[in-house]
Structure formats: C-alpha cells, structure tokens
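Quick one: the structure is below, questions incoming.
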Amino acid sequence: MADQTPAVGPSPGRIALRRMLAHRSFALGVSVLLVMTLMAIFAPLIAPHDPYATDLTQRLLPPFWHDDSVPEHILGTDKVGRDYLSRLIYGARVSLAIGVLAVLLSGLIGTVLGVAAGYFGGKVDAVVTYLIGTRLSLPLFLVALAVVAMFGSSLTIVILVLGLFLWDQFAVVMRSVTKQIRSQDYVRAARAAGASHMRILWREILPNVREPLLVVATVEMANAIILEASLSFLGFGVQAPLPSWGLMLSDAREFMFFDPWLLTIPGCALFALLLAINLTGDGLRDVTGRGGVLR
C-alpha cells in the first residue's frame, strides 16, 4: 500500500528567508546597514586614531587620492588636525544611536496610542485622533529647533526631542492595522471565550502588527538620522567635539570651495546609511507583506 503521508512543505521561516535572499535591494540594504552597525560597535578597534586628538601641525591633510596625502591619515584630517576616518567611524555610532533610541521611544508612544485607538474605538479613538492631528499641525523641524534652543543641545536632548515628536506615523499605521485585525474571527473567538482586553491585545493584536511596525520603524529611523544631521549642521544638535556627520558637514562649510572632500566624505556616508535603511524598509514591506513582489 502506498504511503499516504502528505508531503511537508517549507516552513514560513524558510519561505521568508528565500524571499529576502531573492530581493536584491533588500539584501543590499541589509548588507550596508550591517557593515555600518559593526563599524559603529567595534569603532574603538577599527579607528586608526583617537577621534578627539588634535594636531594643528597636521591640519587639513588631503585624503589618499591626492598626491600630497599622508599614509597615516587615509581620509585626511579636519581643520584642527583630527583624523577624518576615525571621526567618520565614530560618527556612525552617533547616527545609529540616535536613530535606534529615538525610534524606540517614538515607536513605544505611537504603538500604544494607535493600538488603543484601533482596538477600543469610541472616545479613545477620538482622543488619539485629536492628538495625531495636533501633532501633524506642528512643523517638526521648527519645534525641534525651538525645544533644543530652549533646553540646550546635547545628545540626550536630541534623542528625547526626536523620540517625543516622531510618534505620529506609528500611531496612524497602528490605528489602521488594529482596526482591521479586531474584526477578524480569531479576535472575536478570543473575546467570546472570555479573554481579557490585555490578553487579546498581547496575544492576538500585537503579534499581527509586527510587520507594518518594522516598516514604519525603518522609515522613522531614517527621518531621525537626517533630522539630527540637520540640527547638528545648524549648530543645534550634538556639540563638538563629539563626532557627528552633521557636525562634520557644518565644520566643513568654510572649506567647501578649497577642500570639498571635507563635505563629500561625511555626506556620502550619510547618504549610504539613509539609502541602506530605506532599502531595508522597502524590502521588509515586500518580503513580509501579503502579495509582496520580488524584484
């Protein structure tokens, strides 16, 4: 008698992994993001020099593609003789730390508000909708400038400001997704079985909003990084001598016509990081979303 055991197909995890490997832009984004993350984590081991050490006798040395470059400083030095490669490596730490911490704070606020509004509806939904509308009516960059000017500029202040003002997209998306999920049969079954609101939210709602939450988190992480760079460029972000790509761009303004590489190097690093984050977010949307298209 022939074996009637049904064939077992690939697990959902393997299917998702195949999609990720087949999605070229996602693979590229994750690879670049992973390299920059490792560079930030192991900065003390990778950086060839102390990023804070100054040497006025070595100021404004050109990078390696110039004829009069110095081998000890591959990417040259800045206006006070600090090694540019070392500051670039440590600058990745600042950008990623601000992006991750700001998104964790804003994601927590926005997710709580959005899920509560989508699940409970009624007055809760009305209050959250009013808060979202109020937040969207405020120009984020101008508000951030005002808050930083009032309370001072530091790494902690920048993270708090961005975290407390970037929650609106989380709330909007979580509210919409939760409204769709709460009408599903498994949620109704849990409610009919007498499950509490907290159990339904924790066991039925939150696991099913994870995918859109990750996509929004990548987008807002990129926004947080570019906002920090903009604030630092204007002198309202992290302060010297802390290595920040926005601060490096700000310090290089006066040399942009004579030593353009001072602007080009941190600008390219910032562009690569933002591109990698956005490619990762787009890839997550495609490979985890229903009906995702592989490129």
Side-chain angles (χ1 to χ4, degrees), residues 36-37 40 51-52 87-88 90-117 124-175 213-254 263 266-267 269-271 273-274 277-278 281:
M36 289 199 171
T37 302
Y52 303 99
R87 290 187 65 79
L88 193 74
Y90 274 85
R93 272 189 162 188
V94 175
S95 294
L96 288 172
I98 288 176
V100 171
L101 294 177
V103 163
L104 287 176
L105 179 57
S106 60
L108 177 62
I109 297 172
T111 301
V112 170
L113 292 176
V115 169
V124 176
D125 188 21
V127 171
V128 173
T129 302
Y130 175 78
L131 292 175
I132 294 173
T134 303
R135 160 61 196 89
L136 291 174
S137 67
L138 299 174
L140 175 59
F141 191 71
L142 294 180
V143 173
L145 280 176
V147 173
V148 170
M150 184 181 303
F151 294 101
S153 54
S154 66
L155 182 61
T156 303
I157 293 294
V158 170
I159 292 173
L160 288 176
V161 168
L162 296 179
L164 294 174
F165 284 97
L166 285 175
W167 56 266
D168 53 287
Q169 294 301 319
F170 286 98
V172 170
V173 174
M174 292 300 101
R175 174 179 174 270
L213 179 63
L214 289 175
V215 174
V216 177
T218 57
V219 174
E220 293 305 307
M221 182 178 177
N223 287 338
I225 291 173
I226 194 64
L227 283 170
E228 178 276 325
S230 302
L231 290 172
S232 297
F233 182 79
L234 295 175
F236 291 94
V238 299
Q239 297 298 302
L242 192 67
S244 163
W245 292 344
L247 196 58
M248 293 170 71
L249 290 170
S250 179
D251 291 340
R253 282 180 297 180
E254 57 185 302
L263 278 171
L270 186 61
F271 170 78
L273 178 58
L274 295 176
I277 293 173
N278 281 288

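These numbers were taken from a predicted model, which means no experiment stands behind them.
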Practice problem: Apply the test side chain to side chain contact (heavy atoms under 4.5 Å, CB included) to residues S154 and V238: give CA-CA distance (whole Å), side-chain angles for both, the deciding distance (0.1 Å), then the verdict. | Solution: CA-CA 5 Å; S154 66; V238 299; over 6 Å; no

Exercise. Starting at CG of L270, measure out to CZ of F233 and round the result to the nearest 0.5 Å.
Key: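 Those atoms lie 11.5 Å apart.
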
Quiz item: How about Y52: does its OH atom have over 12 heavy atoms from other parts shown lying under 6.0 Å from it?
Solution: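 Check passes, neighbour count above 12.
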
Quiz item: Taking only residues two or more places apart in sequence, or in another chain, which ones meet E228 in a side-chain hydrogen bond (donor to acceptor under 3.5 Å, both in side chains)?
Solution: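 E228 satisfies side-chain hydrogen bond (donor to acceptor under 3.5 Å, both in side chains) with S232, S244 only.
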
Self-check item: Contact check, side chains of F170 and V219, non-hydrogen atoms, under 4.5 Å
Solution: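 The answer is no; the side chains never approach within 4.5 Å.
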
Quiz prompt | Test item: L113 and I132 side chains (from C-beta on) under 4.5 Å apart, heavy atoms | solution =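 Answer no - side chains too far apart.
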
Quiz item: Stepwise, does the side chain to side chain contact (heavy atoms under 4.5 Å, CB included) test hold for W167 with V172?
Solution: CA-CA 9 Å; W167 56 266; V172 170; over 6 Å; no

Quiz prompt | Minimum heavy-atom distance between L249 and G267, given as atom pair plus value | solution =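 Heavy atoms of L249 and G267 come nearest at CD2-N, 3.8 Å.
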
Practice problem: Output, in order, the C-alpha distance, side-chain angles, deciding distance and verdict of side chain to side chain contact (heavy atoms under 4.5 Å, CB included) for L96 and M221. | Solution: CA-CA 9 Å; L96 288 172; M221 182 178 177; 3.7 Å; yes

Quiz item: Restricting to pairs with a member in residues 215-227, which pass side-chain hydrogen bond (donor to acceptor under 3.5 Å, both in side chains), not counting sequence neighbours?
Solution: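 Qualifying pairs, neighbours excluded: E220-N223.
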
Quiz item: Are W245 and V94 close enough that some pair of their side-chain heavy atoms sits under 4.5 Å apart?
Solution: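 In short, these two side chains do not touch, never coming nearer than 4.5 Å.
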
Quiz item: Which residue pairs pass the salt bridge (Lys or Arg N to Asp or Glu O under 4.0 Å) test when at least one of the two sits in residues 143-157, sequence neighbours left out?
Solution: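 Sorted pair list comes back empty.
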
Could you give the side-chain donor-acceptor pairs of residues 101-111 under 3.5 Å, partners two or more places apart or in another chain?
| from | atom 1 | to | atom 2 | distance (Å) |
| --- | --- | --- | --- | --- |
| S106 | OG | A102 | O | 2.8 |
| S106 | OG | V103 | O | 3.3 |
| T111 | OG1 | G107 | O | 2.6 |

Quiz item: Can you list the steps and then say if I225 with I98 is a side chain to side chain contact (heavy atoms under 4.5 Å, CB included)?
Solution: CA-CA 7 Å; I225 291 173; I98 288 176; 5.7 Å; no

Quiz item: Got a second to check how far D125's CG is from Y130's OH, nearest 0.5 Å?
Solution: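 OH of Y130 is found 15.5 Å from CG of D125.
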
Practice problem: Just grab all the salt bridge (Lys or Arg N to Asp or Glu O under 4.0 Å) pairs involving residues 127-148, residues at least two apart or on different chains. | Solution: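 The answer is R135-D168.
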
Quiz item: Is the closest side-chain heavy-atom distance between S95 and L273 below 4.5 Å?
Solution: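 Yes - at least one pair of side-chain heavy atoms lies under 4.5 Å apart.
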
Quiz item: If we only count heavy atoms from C-beta on, is the M248 to L263 side-chain gap below 4.5 Å?
Solution: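 Heavy-atom side-chain distance check fails, nothing below 4.5 Å.
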
Quiz item: Heavy-atom distance under 4.5 Å between the side chains of T156 and F151, does that happen here?
Solution: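 No - every pair of side-chain heavy atoms lies 4.5 Å or more apart.
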
Identify all side-chain donor-acceptor contacts of residues 157-165 below 3.5 Å with residues at least two apart in sequence or on another chain.
none

